[in-house]
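Notes to accompany the following structure.
Everything quoted here is computed from the prediction, not taken from an experiment. Residue numbers begin at 1 in each chain, while the letters A, B, ... track the order of the sequences.
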Amino acid sequence: MLKVKLPDGSIKEYSAPVRAIDVAADIGPGLAKAALAAQIDETIVGADTLLPADGELSLRFLTKKDPEALDVMRHSCAHVMARAVMRLFDGVKLAFGPTTENGFYYDFQTEQPITEDDFPAIEKEMAKIIKLNEPFERLDRSREEALTICRDMGQPLKVEHIEDGLAEHDTLSFYRQGEFIDLCRGPHVPAAGAIGACKLLSVAGAYWRGDASRQQLQRLYGTAFFDKKALAAHLKLVEEAKRRDHRVLGKRLELFTIDPLVGAGLILWLPKGAVIRGLLEDYIRTELRRRKYDAVYTPAIGRVELYEISGHYPYYSDSQFAPIVMDENEKYLLKPMNCPHHIMIYKSKPRSYRDLPVRLAEFGTVYRYEQSGELSGMTRVRGFTQDDAHIFCTEEQVAEEFRSCLEMTQSILKSLALDNYRVRLGFRDPQSDKYVGDEDVWNRAEAALEQVCREIDLPNLEIERGEAAFYGPKADFVVADCIGREWQLGTVQLDYNLPSKERFALEYTGADNKSHQPVMIHRAPLGSMERFIAMLIEHFEGAFPLWLAPEQIRVLTVSEKSEEYGRQIETALTEAGLRVTGDYRPEKLGAKIRDGGMEKIPYLCIVGPRDAEQGTVSLRDRLDGDLGAMSLDEALERLREEIASRRVRQIAETTVDLAERGGGHEY
RNA sequence: GCUUUCGUAGCUCAGUGGUAGAGCACUUCAUUGGUAAUGAAGAGGUCGUGGGUUCGAUCCCCACCGAAAGCUCCA
């Protein structure tokens, strides 16, 4: 006797063996038709899964409306894609084909490379397969049979996977659709017709089993939705992201540039970008003063020996610029981080417990030789500036200092209306022995950190075991921008390694007149200026709030007749402390307004003969349009208030529904 | 670093084995206009760099530089 509990709480009983789909049919033919998969207790299974003969289980059916069903369908679509590819190309060896958050991919080893030019043919073949609406048939086989099947099909990667990846499994499952059979744990939708709309997106290389020393496969990316509308919405989101691309906007709005002659991954901040960065730095400096940090400056290079002590050299030499060699005994490294320099400042005099915490802050520019394939705009670069600081404190002070760092980061994010973020607490993996420091100290530190995070009520706190640095636990801020993309930015990390005797042997004299080792905290609320501003550009779509806008207001003359008055107004605005320009070209007003709009200038100040006569200006707001004529004082009042409060009035909104996302699974 | 794709005017992009084109931007001239593109003319390119094939290469081949997507790495 089997008792099946349904989501509405009702219970059905069966004495003869049934499949999930039979239960659905029992409830109603509509459900049986709509059911794409089922969930037994916590496990998602195919709709045709045979239920156990006895016992009790809860069962729910997944239809198009359930995000889990989208994931199942995309996985089925990956099979359809693989089937299409095998029809069109010779000697295709299958690897893995999982789903991702936004779609799916399948890795192949092919005799000939697949290129984007092949997409239309593959998509056409997929459409044919989907139209046939053949079922996905599950076959369970013993290990031996499974190996024979994969060998007979000429699928060496699958054979390898069975032999070691699935060494523990006694039985293995295949899914068959027509001539296509794939080793796969499933589940799948009942038949290919459930795939409403799909599209191939890109092709890229991917290492077999993620191992760079193994052969590289062709990874074909695609996505699928239950209907064309949802696919269109997703593609629109991709378009939207493209439109916000900081590399494009950064060029168009003249914020930064990268020149191969200077070097890949090295940012040249153009005047307008430099304004934004300068304002953010000023803002951070104010916050640092309030929080009793001491500003320091340190050089861009340091002796190699310094980094030998810190342990960063030669350990990270692959991702460092090669040393500058003056002679055998004199070698310098372009600094890959600021901490060793700050440590030497700490060590520049004896420290008493009365001096602690010592908080040393610097916008420190560091250089790392990232591998060429990693470079990307301002988000992944070879030279970047951290809003860095290092806090040296006693173990008793750690919790309070940590709290203060988190609060500072929160306050800065809040001032930019970046309200959607989560915090990841990286703790050590108790199984691993890669960590330095006493287990006791770790336990105390992790407990203190977690408690602080709970006390200040950090949003969406997650504890991730095994994500700590080897030298200490950390908290990372992951900020979501206005179209839902996540950026890892600020970080706070405890460090028990660098202060230790094996490294820099930091000390302070305690109340007991004995020497003690301080704890070090690395923290950077924004992370790197480059990366943070890249995120801001995309988040605001280049339309920065008034206080950050490189050009806050532009005087536009209605005709050249008003140039003199316009220049007076421009001077007055400049003297009032605004970043202002004037457009006195002999263009029509509409054209000047359009240009101002394209350059995302928050306010346009339009002056014509009427204004000159009455001593007024006509403000035009980037968001609300024409505000009408007003006195200069009135205009200034409005602008000053908006600047002083650092108001974020608008974040360009997304028009796309973010809800429709799958979870992504390994298969 | 690896795989695939790409590199033509400041920008966005056409194009061809016979030494190059559009739109926007730019310059000049005319127009003097009240809230998202006035009209005309002009200037601007060693077709990423270096080799090779060819009578001839921007186009085909190779190497290098740079970029995009992804993989691997990330103190």
**Asked** Pairing of RNA chain B as dot-bracket, 5' to 3': ( ) intra-strand, [ ] crossing, | other strand, . unpaired, with Watson-Crick or G-U pairs under 3.5 Å?
**Response** (((((((..((((....[..)))).(((((.......))))).....(((((..]....))))))))))))....
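- Taking the ring centroids of Phe104(A) and His75(A), they lie at or beyond the 6.0 Å cut-off.
- Under the side chain to side chain contact (heavy atoms under 4.5 Å, CB included) criterion, Arg303(A) pairs with Glu305(A), Glu330(A), Tyr332(A), sequence neighbours left out.
- The residue Gln320(A) sits close to a base: some heavy atom pair falls under 4.0 Å.
- Contact check on Glu541(A) versus Arg244(A) returns a salt bridge, with a Lys/Arg side-chain nitrogen under 4.0 Å from an Asp/Glu carboxylate oxygen.
- Residues meeting the salt bridge (Lys or Arg N to Asp or Glu O under 4.0 Å) test with Glu462(A), sequence neighbours left out: Arg422(A).
- The pair Lys236(A)-Glu240(A) does not count as a salt bridge, with every side-chain nitrogen at least 4.0 angstrom from each carboxylate oxygen.
- Considering only residues two or more places apart in sequence or on other chains, Asp164(A) meets the salt bridge (Lys or Arg N to Asp or Glu O under 4.0 Å) condition with Arg209(A).
- In this structure, Gln216(A) reaches the bases: a heavy-atom distance under 4.0 Å links it to at least one base atom across the strands shown.
- Taking the side chain to side chain contact (heavy atoms under 4.5 Å, CB included) definition, one finds that Arg620(A) meets it with Ile593(A), Leu604(A), Ile606(A), sequence neighbours left out.
- For Glu123(A), there are no salt bridge (Lys or Arg N to Asp or Glu O under 4.0 Å) partners, not counting sequence neighbours.
- Using atom P as the reference point in both rC59(B) and rG50(B), the two lie 12 Å apart (nearest Å).
- How far CD1 of Ile267(A) is from CZ of Arg382(A): 12.0 Å, rounded to the nearest 0.5 Å.
- Donor-acceptor pairing under 3.5 Å, judged by distance alone, is absent between the side chain of Arg622(A) and the base of rA36(B).
- A donor-acceptor pair shorter than 3.5 Å cannot be found between the side chains of Glu538(A) and Trp487(A).
- Here Ala543(A) pairs with Lys600(A), Arg622(A) under the side chain to side chain contact (heavy atoms under 4.5 Å, CB included) rule; sequence neighbours left out.
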Pairs under 3.5 angstrom, nitrogen or oxygen only, protein versus nucleotides 63-69 of chain B, please.
residue : atom : partner   : partner atom : Å
rA68(B) : OP1  : Arg247(A) : NH1          : 2.8
rA69(B) : OP1  : Arg247(A) : NH2          : 3.2
rA69(B) : OP2  : Arg247(A) : NH1          : 3.4

Quick test: give all pairs of protein nitrogen or oxygen and nucleotides 49-51 of chain B nitrogen or oxygen below 3.5 Å, distance rounded to 0.1 Å.
none

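- In this structure, the side chain to side chain contact (heavy atoms under 4.5 Å, CB included) partners of Pro499(A), at least two apart in sequence or on a different chain, are Asp495(A), Leu506(A), Gln517(A), Met520(A).
- Pairs passing the side chain to side chain donor-acceptor pair (under 3.5 Å) check and including a residue from residues 585-595 of chain A, sequence neighbours excluded, read Thr557(A)-Lys592(A), Asp583(A)-Arg585(A), Arg585(A)-Asp595(A).
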Polar atom pairs (N or O), protein with nucleotides 37-45 of chain B, under 3.5 Å:
residue : atom : partner   : partner atom : Å
rA37(B) : N7   : Arg594(A) : NE           : 3.0
rA37(B) : N7   : Arg594(A) : NH2          : 3.3
rA37(B) : N6   : Arg594(A) : NH2          : 2.4
rA37(B) : N1   : Arg594(A) : NH1          : 3.1
rA37(B) : N1   : Arg594(A) : NH2          : 3.3
rA37(B) : N3   : Arg594(A) : NH1          : 3.3
rU38(B) : OP1  : Glu587(A) : OE1          : 3.2

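- In this structure, Arg219(A) reaches the sugar-phosphate backbone alone: every heavy-atom distance under 4.0 Å involves primed, P, OP1 or OP2 atoms, never a base.
- Taking 3.5 Å as the limit, the base of rG1(B) and the side chain of Tyr207(A) contain a donor-acceptor pair of atoms between them.
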